[in-house]
Amino acid sequence: MKEISTKLLVIGGGPGGYVAAIRAGQLGIPTVLAEGASLGGTCLNIGCIPSKALIHAAQEFAHARQFGAGTSPLGIKVTNPQIDIAQTVRWKDGIVARLSGGVGALLRKAGVQVQRGWAQIEDGKTAVITPHDGGEPVRVHCEHLLLATGSEPVSLPSMPFGGAIWSSTDALSPDVLPKRLVVVGAGYIGLELGMAYRKLGVEVTVVEAAQRVLPSYDEELTQPVLEALKRSGVVLHLGCSVAGYDAQQGVHVRNARADEFALPAERVLVAVGRRPRTQGFGLEGLQLDMAGRFVAVDAHCRTSMRNVWAIGDVTGEPMLAHRAMAQGECVAEQIAGKNRRFEPMAIPAVCFTDPEVVVVGQTPPQAEAAGVEAITATFPFAANGRAMTLEATGGFVRVVARKSDHLILGWQAVGQGVAELVAAFAQSLEMGARLEDVAHTIHAHPTLGEAVQEAALKALGQALHI
Ligand code: FAD
Ligand code: NAD
């Protein structure tokens, strides 16, 4: 077997692993990256990017259909809009291919040696990579091992993936659009993709075990999403569990009173969470400390074994691409001898439903639970001129600040396009901004960002436009 030695071996080429490898290469660390599937990992190939492409295509089609129905207040009329879903999927695949190729180019530029194949860990300093093209396996000896193996979808025992039962990966590449889709789970994936399918003209029903949609967010924030779901004709069964599927009757559902009923559907998207990828490649042999199902790490992303590091989804919540990337950069810099810790003030979360939902830092219930005396102010997009010109007057921006000194603790927003406000929110938290800092910053007019300034003004009792 071919043997190579390197300073750093990264297992997994998702946002965590590829960013770690690029930064390590930039810092002059000899680095090998093993990737068994495609560079870019879940995010780029079967996650963030393709889902946002599909959501955009669905939104464009929904506009066309509204124009076709002659109900647009803008006076735009279109005759008989159609969607060729095979072409949509090809367009989405083109974006994925460009980005995955781009990651390969960035890794080459940084001098990283990419080994395409599945890595099998032998010990904390050795792994064997078996190429999927049948080539000769390579044994890699390293000083530092970085685990960035990501996560995979959780399946339900009563409805294993395959055939009519879709994982998110299947839902991102439909060959045809089903007439009826049942979505199990009203979390990130269920609602992002469920809403997109509804816009594509599919009859969508969502079954959720909790009593609310997006149960990880507070109710005030998710109310506009709930209203939008109802308006669009998505049928919701909250507080329900699923017991199985058959092609004749569809999905068998049980409600809180234990009544059973069936929901007919040609396809079922199961989106009930993801689990870390920790098995099948020798990780168990390292006997690392675990945090539940996840690999336990400290504030340096160190595992319980010296010089074995872990980042991204395999290390736990929040399972988000930007967290994985930030951890990857942090680990590479530490291996290069820099004094770094992974201790962000906040990790932003964005749910790309329509309207979008953003959470950065503490929410009012979280501030209360932490025993902080806080001021909260909400500014509605209904009072924002730009929102009116975009037909996007639903939703609001909310700020949470410490009452004693006005230190901003958190921002939340719900509305069309609010994902792009995250940069301002996260910067204000990282920089320790106070309400006055944001309130006295000149925000360009007319922009949705003025709602951010107005929320800060309102918290100070000085709102101008409400
Ligand atoms: P991954 O991206 O999962 O990458 C791990 C890589 O390791 C994979 O490529 C895998 O093939 C490889 N690998 C695993 N084991 C081995 C082995 N033994 N040998 C070689 N290679 C191996 N997050 C966001 O922040 N924003 C979003 O909008 C968003 N949308 C999403 C939409 C969907 C449908 C899904 C499923 C996820 C979404 N996420 C989103 C989550 C995001 O994709 C993950 O948080 C992110 O990809 C985690 O990065 P990672 O590097 O930890 O792991
Ligand atoms: P999720 O945790 O967001 O939502 C899962 C939902 O399924 C929850 O509401 C839960 O109550 C429900 N549920 C669980 N078991 C159930 C059952 N048996 N029957 C009915 N409902 C059930 O998980 P997800 O939507 O699968 O997404 C996985 C992860 O991927 C997310 O947690 C997030 O980290 C990441 N992601 C992020 C984004 C984004 O950042 N925009 C988008 C998609 C995915």
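Whatever order the structure lists ligands and atoms in, that order sets their numbers, starting from 1. No hydrogens, no waters, no symmetry mates; every other heavy atom, side chains included, goes into these values.
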Non-hydrogen atom of Arg274 closer than 4.0 Å to ligand 1: yes

Residues Lys125, Glu143: salt bridge by 4.0 Å N-O rule: no

Closest protein heavy atom (residue, atom, distance) for atom 37 (C) of ligand 1: Gly47 CA, 4.0 Å

Protein residue, atom and distance nearest to atom 30 (O) of ligand 2, heavy-atom basis: Arg274 CD, 3.6 Å

Atom indices of ligand 2, in the order listed, that fall short of 4.0 Å to a heavy atom of Pro215: 9 (O)

Ligand-residue contact atoms, ligand 2 with Val184, heavy atoms, under 4.0 Å: 19 (N), 20 (C)

Within reach of ligand 1, part of Leu44 (heavy-atom separation under 4.0 Å): neither

Side chain, backbone, both or neither: Ala119 near ligand 1, heavy atoms under 4.0 Å: both

Thr169 heavy atom under 4.0 Å from ligand 1: no

Nitrogen or oxygen atoms of Leu320 and ligand 1 under 3.5 Å apart: yes

Atoms of ligand 2, numbered as shown, that sit under 4.0 Å from any heavy atom of Met319: 33 (C), 34 (O), 35 (C)

Shortest protein contact, atom 41 (C) of ligand 1 (heavy atom only): Met319 O, 3.6 Å

Any Lys52 heavy atom less than 4.0 Å from ligand 1: yes

Distance filter under 4.0 Å to Val350 heavy atoms, resulting ligand 2 atoms: 39 (C), 40 (O), 41 (N)

Nearest-option assignment for atom 12 (C) of ligand 2, heavy atoms, candidates Glu208, Arg275, Glu192: Glu208

Under-4.0 Å salt bridge between Lys2 and Glu136: no

Heavy atom of Pro318, distance to ligand 1 below 4.0 Å: no

Side chain to side chain donor-acceptor pair (under 3.5 Å) partner of Asp354, the single match among Arg198, Lys199, Gln416: Lys199

Nearest-neighbour protein heavy atom for atom 4 (O) of ligand 2, which is reported as residue plus atom name and distance: Gly187 CA, 3.2 Å

Shortest protein contact, atom 7 (O) of ligand 2 (heavy atom only): Gly185 CA, 3.4 Å

Nearest neighbour in protein (non-hydrogen) for atom 14 (C) of ligand 1: Thr149 O, 3.4 Å

Atoms of ligand 1 close to Gly12 [distance to a heavy atom under 4.0 angstrom, numbered from 1]: 6 (C), 7 (O), 12 (C)

Parallel, tilted or perpendicular, as decided by the 30° and 60° cut-offs, for the rings of Phe425 and Trp411: parallel

Atom 25 (O) of ligand 1 [closest protein heavy-atom partner, distance rounded to 0.1 Å]: Ala321 N, 2.9 Å

Gly14: numbered ligand 1 atoms lying under 4.0 Å from its heavy atoms: 2 (O), 4 (O), 6 (C), 51 (O)

Which segment of Ala324 sits under 4.0 Å of ligand 1 when only heavy atoms are counted: side chain

Identity of the nearest option to atom 16 (C) of ligand 1, non-hydrogen atoms only, from Tyr188, Tyr18, Trp118: Trp118

For atom 31 (C) of ligand 2, the protein heavy atom that lies nearest, with its residue and separation: Tyr188 CD1, 3.7 Å

Gap between atom OG of Ser173 and atom NZ of Lys92 - 0.5 Å precision: 3.0 Å

Salt-bridge present (Asp93, Arg98; N to O < 4.0 Å): no

Pair Arg116 + Glu35: basic N to acidic O under 4.0 Å: no

Of the listed options Val19, Asp313, Thr42, Val10, closest to atom 44 (C) of ligand 1 (non-hydrogen atoms): Asp313

Selected option - heavy-atom contact closest to atom 9 (O) of ligand 1, from Gln115, Glu35, Gln279: Glu35

Closest protein heavy atom (residue, atom, distance) for atom 22 (C) of ligand 2: Val272 CG1, 3.6 Å

Nearest-option assignment for atom 5 (C) of ligand 2, heavy atoms, candidates Ala271, Pro348, Pro318: Ala271

Numbered atoms and elements of ligand 2 in range of Leu156, under 4.0 angstrom, heavy atoms: 18 (N)

Ligand-side contact atoms (ligand 2) for residue partner Leu320, heavy atom cut-off under 4.0 Å: 37 (C), 40 (O)

Heteroatom proximity flag, Gly273 to ligand 2, N/O under 3.5 Å: yes

Of the listed options Ala148, Cys43, Pro153, Gly150, closest to atom 47 (O) of ligand 1 (non-hydrogen atoms): Cys43

Residue selection (non-hydrogen contact nearest atom 26 (N) of ligand 1) among Ala127, Pro15, Cys48: Cys48

Glu192 and Lys52 ion-paired at < 4.0 Å: yes

Protein heavy atom at shortest distance from atom 44 (C) of ligand 2: Ile189 CG1, 3.4 Å

From Thr88, Leu177, Leu181, residue fulfilling side chain to side chain contact (heavy atoms under 4.5 Å, CB included) relative to Leu200: Leu177

Heteroatom proximity flag, Gly36 to ligand 1, N/O under 3.5 Å: yes

